[in-house]
Amino acid sequence: MRLFIGEIYPNEVQLREEEEHHIVRVLRMKEGDMVYVTNGKGALIKGQLLITGKKVKVQIIETFPHSNRGQNGLHIAIAPTKNIDRFEFFVEKAVELGVSKITPLLCTNSERKVLNTEKIKKQIETACKQSLRINFPELYPLTPLKDFIQSSNTKLYLTHCYKEYEKITLNETLNREKEITLMVGPEGDFSKKEVEELYSLGSTGVSLGANRLRTETAGIYIASSYYFFHNQP
């Protein structure tokens with residue numbers, strides 16, 4: 001099954017220009033080949049390629065019911081790492097595991113203060129196509145922590161390494177709520193002032209175990225734990 005991205009209308013499909021190029025120039029697909037197309041919002045069709053030179057059209061063969069498959073209730077707010085490759089690795093794996101929303105955070109100890117969100121969006125789409133996911137997660141702009149706290153309308157859970165603050169386990173957290181926002185700090189962790197402010201506003205600390213995890217490892221661990229917790233037989 002090859003999955004591509006495009007706009008889906010009642011009687012036609014409009015592939016993205018880069019998808020047309022990929023079909024003709026990279027994959028060298030042929031007239032009549034079967035493909036699947038999604039709009040990234042739960043719509044999916046099966047179609048047949050019609051190729052004229054560099055132009056590609058898709059004749060709709062089957063339209064599938066709108067689906068929420070691959071979409072969960074997990075929002076991870078996480079500070080991008082100094083080494084962007086590590087953050088991109090987190091994004092790829094979290095997307096494959098079904099994360100619904102990703103908010104990059106700008107914190108006191110953040111070493112990365114600029115993020116190319118358009119590049120990250122492209123990587124999200126690639127990961128969705130690879131994992132056959134037809135509901136793409138939302139990616140928000142790099143957001144200062146204070147702004148994120150003020151704009152949030154849900155209870156916040158945060159991971160941190162300070163031992164003097166009470167924390168619950170990740171399993172306890174996942175058992176409490178299906179729709180959940182979990183925060184992961186930068187290399188060097190959230191500052192103590194940030195943690196104190198979050199606790200004072202009613203946020204709950206979450207322990208990820210005895211080992212101290214890197215930022216991207218913590219994010220992947222949260223995504224995989226949520227996936228396992230809510231997808232057991």
TODO: May I ask you to list the residues sharing a hydrophobic cluster with L50, side-chain cutoff 4.5 Å, ordered by chain and number?
DONE: none

Open item on the list: Nearest 0.5 Å, please: how far is CD in E20 from CD in E17?
Closed with: 7.0 Å

Task: F229 side, atom CZ; T173 side, atom OG1 - distance, nearest 0.5 Å - done: 9.5 Å

Task: Straight-line distance of N171 CG to R176 CZ, nearest 0.5 Å - done: 12.5 Å

TODO: Check the pair V195 / Y165 against side chain to side chain contact (heavy atoms under 4.5 Å, CB included), numbers first and verdict last.
DONE: CA-CA 9 Å; V195 172; Y165 295 95; 4.0 Å; yes

Under 3.5 Å, side-chain donor or acceptor atoms of residues 52-65 against the rest of the protein: list the pairs with distances, not counting sequence neighbours.
none

Open item on the list: I need the minimum non-hydrogen distance between F148 and A77, along with the two atoms involved.
Closed with: CZ-CB, 3.6 Å

Task: Donor-acceptor contact present, side-chain S131 to main-chain E96, <3.5 Å - done: no

Open item on the list: Within the 4.5 Å heavy-atom criterion, are L158 and L182 side-chain neighbours or not?
Closed with: no

Task: Minimum side-chain heavy-atom gap L105-M183 below 4.5 Å - done: yes

TODO: Report yes or no: is the cationic atom of K155 (NZ for Lys, CZ for Arg) under 6.0 Å from the centre of the six-membered ring of Y157, at an angle within 45° of the ring normal?
DONE: yes

TODO: Sorted by first residue and then second, give each salt bridge (charged side-chain N to carboxylate O under 4.0 Å, His left out) pair with at least one member in residues 71-91; sequence neighbours left out.
DONE: K82-E111, R86-E187, R86-E216, E88-K119

TODO: Apply the test side chain to side chain contact (heavy atoms under 4.5 Å, CB included) to residues L156 and T204: give CA-CA distance (whole Å), side-chain angles for both, the deciding distance (0.1 Å), then the verdict.
DONE: CA-CA 7 Å; L156 300 177; T204 298; over 6 Å; no

TODO: Quick one: closest heavy-atom pair of G6 and V37, and the distance?
DONE: N-CG1, 3.7 Å

Open item on the list: Could you check whether any side-chain N or O of E166 sits under 3.5 Å from a backbone N or O of G205, counting only pairs where one atom can act as donor and the other as acceptor?
Closed with: no

Task: Salt bridge E196-K193, side-chain N to carboxylate O under 4.0 Å - done: no

Open item on the list: Could you check whether any side-chain N or O of E92 sits under 3.5 Å from a backbone N or O of F89, counting only pairs where one atom can act as donor and the other as acceptor?
Closed with: no

Task: Minimum heavy-atom distance between A127 and V95, given as atom pair plus value - done: CB-CG1, 3.7 Å

Task: Residue pairs, two or more places apart or on separate chains, that pass salt bridge (charged side-chain N to carboxylate O under 4.0 Å, His left out) and touch residues 203-212 - done: none

Open item on the list: Would you say that I180 contacts T154 through its side chain, given a criterion of any heavy-atom pair below 4.5 Å between the two side chains?
Closed with: no

Task: H21/F4 aromatic ring centres below 6.0 Å - done: no

Task: L3 and T38: CA distance, side-chain angles, deciding distance, side chain to side chain contact (heavy atoms under 4.5 Å, CB included) verdict - done: CA-CA 7 Å; L3 183 64; T38 182; 3.9 Å; yes

Open item on the list: Tell me if a side-chain donor or acceptor on D189 pairs with a main-chain N or O of C161 at a distance below 3.5 Å.
Closed with: yes

Task: Sequence neighbours excluded - ring pair (Phe, Tyr, Trp, His ring centres under 6.0 Å) pairs with any residue from residues 104-137 - done: none

- [ ] Quick one: do R16 and E125 satisfy salt bridge (Lys or Arg N to Asp or Glu O under 4.0 Å)? Show the steps, please.
- [x] CA-CA 12 Å; R16 290 184 180 177; E125 291 175 353; 2.7 Å; yes

Open item on the list: Can you confirm whether more than 12 heavy atoms, excluding those of K163, are under 6.0 Å from its NZ atom?
Closed with: no

Open item on the list: For the backbone of V99 and the side chain of Y226, can you confirm whether one donor and one acceptor N or O come within less than 3.5 Å of each other?
Closed with: no

TODO: With rounding to the nearest 0.5 Å, note down the distance linking OG1 in T169 to CG in L208.
DONE: 10.0 Å

Task: Sub-4.5 Å side-chain heavy-atom contact between K113 and L106 - done: yes

- [ ] Output yes when E164 and K192 qualify as a salt bridge under the 4.0 Å nitrogen-oxygen rule, no when they do not.
- [x] yes

Task: Side chain proximity check, I102 to E138, heavy atoms < 4.5 angstrom - done: no

- [ ] Measure the spacing between OG1 of T103 and CG of L145 and express it to the nearest 0.5 Å.
- [x] 11.0 Å

- [ ] Compare every heavy atom of K101 with every heavy atom of P137, then report the nearest pair and how far apart it is.
- [x] CB-N, 4.4 Å

Task: Donor-acceptor contact below 3.5 Å, side chain S225 vs main chain I222 - done: no

- [ ] Assess whether salt bridge (Lys or Arg N to Asp or Glu O under 4.0 Å) is satisfied between K146 and E197, documenting all intermediate values.
- [x] CA-CA 10 Å; K146 188 175 289 291; E197 180 179 3; 3.5 Å; yes

- [ ] Could you pull out the closest heavy-atom pair between L201 and I149, with the gap in Å?
- [x] CD1-CG2, 3.5 Å

- [ ] Name all pairs fulfilling the salt bridge (charged side-chain N to carboxylate O under 4.0 Å, His left out) condition that reach into residues 21-37, sequence neighbours left out, sorted by first residue then second.
- [x] none

TODO: Heavy atoms only: give me the nearest T117-P141 pair and the separation to one decimal.
DONE: CG2-CA, 4.2 Å

Task: Heavy-atom check, side chain of T81 versus side chain of P186, under 4.5 Å - done: no

TODO: Answer yes or no: is there a side-chain heavy-atom contact under 4.5 Å between I120 and I124?
DONE: yes

- [ ] Establish, yes or no, whether a centroid distance under 6.0 Å links the rings of Y199 and H160.
- [x] yes

- [ ] Indicate yes or no: at least one non-hydrogen side-chain atom of T217 is less than 4.5 angstrom from one of F90.
- [x] no

- [ ] Given side chain to side chain contact (heavy atoms under 4.5 Å, CB included), test E172 with V206 step by step and report yes or no.
- [x] CA-CA 9 Å; E172 287 179 87; V206 177; over 6 Å; no

